[in-house]
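For reference, the structure is listed below as structure tokens.
Just so you know, ligand 1 is whichever comes first in the structure, and atom 1 is the first atom listed for that ligand.
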Amino acid sequence: MSNTIGPDTKTWVEVPTNSDFTIHNLPFGIFSQSGKSKRAGIAIGNKVVDLAALYDAGLIDKNAYKKEHFECEVLNPFMKLGKQATSKLRIRIAELLESTNSELRSLPNISDILIDQSAVTMHLPVSVGDYTDFYSSEDHARNVGTMFRDPNNALLPNWKHIPVGYHGRSSSIVISGTPIHRPKGQQKPKDADQPVFGPCKLLDFELEMAFVTFDGKPMGQSISTAEAEDYIFGMVIFNDWSARDIQTWEYVPLGPFLAKNFASSISPWIVTMDALSEYKVAGAKQEPKVFPYLDYDGDKNIDINLEVAIEPEGSAETVVSRSNYRYMYWNYAQQLAHHTINGCPIKAGDMMASGTISGPEPSSYGSMLELSWRGTKPIKMNDGSERKFIQDNDTVIMRAFAEKNGIRIGFGEVRSKLLPAL
Ligand code: CA
């Protein structure tokens, strides 16, 4: 069975030009509307397909799926079915939405199944069990190493051997639209003898993509780079909020802690690996040669256009960065293979973020730390103001989409407002 939706496929649903949610995408999310419980949906154009209602209408195979897979708080129960069943469901939805198909289109209660996105609230699509953050963009690692250590030895000796990562905190991963409070914590001003305590002064975003996993293998076993895609459901945009001054003071010797775990924001729709498979590209040549367990065949980078904008309170947004997920040095298959090489088990709903995605050009850097070069080069906003880092009441917006041969699939956006410290 093919998991791809052919390039010539058309849908009877109206899809606006430049929509992220074409028939070729069909991402999964969790939504609610007034008076109804949370449920799973698939986005198409400006609509959501209510999968629980579709199930009730008899258009989903009741031998393969249960109502609880769709009328649920999160997608985890559905994801526990694994790659084959989730892929098959998406292909079935594509079939129902295809131009010549009338099974769904002809139903008298279609307005209960195909709902306006403007009428629903989106929720966190998965209960995130464990969250891991990698550090896999070479340009980002070089920029940070240059700024904080030594331009001549910007990469630490392990960087080209290990997809470096750390375990983050899942409790503070929130959905797009959730406001974030500026965190408080300890900082040590450059010329001071002693640390001070107070609201973070150098609040930053990190432009990342994250993949969401299926259940893995039993503890003790590993997932190879060749198997990785069988264990990944899809991806979201990931804003890994970072408090740079707290980070600088706390990160030695065990790495980031309170500078990172106060919030990370994600986009609501999980774009499947099946949909993204059409946008694969070759990654960077890896030199020195990696260990065999990190070696891989085929293209494992993905051409996803990324953009970050800052919207000051009461003003129009300014795009401050344009990057691309293809710039990753370590790809998702290597990240998952590395994560499990010691036998660490993964579960449905685990989230693994890429690390800040910076490109080679200054305009493609994925954090304010790099864009403003540690505050030395303020970024001009359209309203005349300047930003070195994020100010109170700024809204940070990240968008992502892939496009090839006139076919576009996208992630929508993750949008979050920074409120003052409590
Ligand atoms: Ca990060």
Side chain to side chain donor-acceptor pair (under 3.5 Å), that's the test. Do N76 and S127 meet it? Break it down for me. CA-CA 7 Å; N76 300 55; S127 171; 4.7 Å; no
Note: D50-R39 ion pair, threshold 4.0 Å (strictly below): yes
Under 4.0 Å between a Lys/Arg side-chain N and an Asp/Glu carboxylate O for E206 and K260? yes
Taking side-chain hydrogen bond (donor to acceptor under 3.5 Å, both in side chains) as the cut-off, I'd like each qualifying pair that reaches into residues 190-199, sequence neighbours left out, listed once. none
Please, which pairs that meet ring pair (Phe, Tyr, Trp, His ring centres under 6.0 Å) have at least one residue in residues 367-405, sequence neighbours excluded? none
Spell out the protein N/O/S atoms under 3.0 Å from the Ca ion (ligand 1) as residue plus atom name. D133 OD2, E206 OE1, E208 OE2, D240 OD2
Which residue pairs satisfy the ring pair (Phe, Tyr, Trp, His ring centres under 6.0 Å) criterion with at least one member in residues 136-155, sequence neighbours excluded? Y135-H140
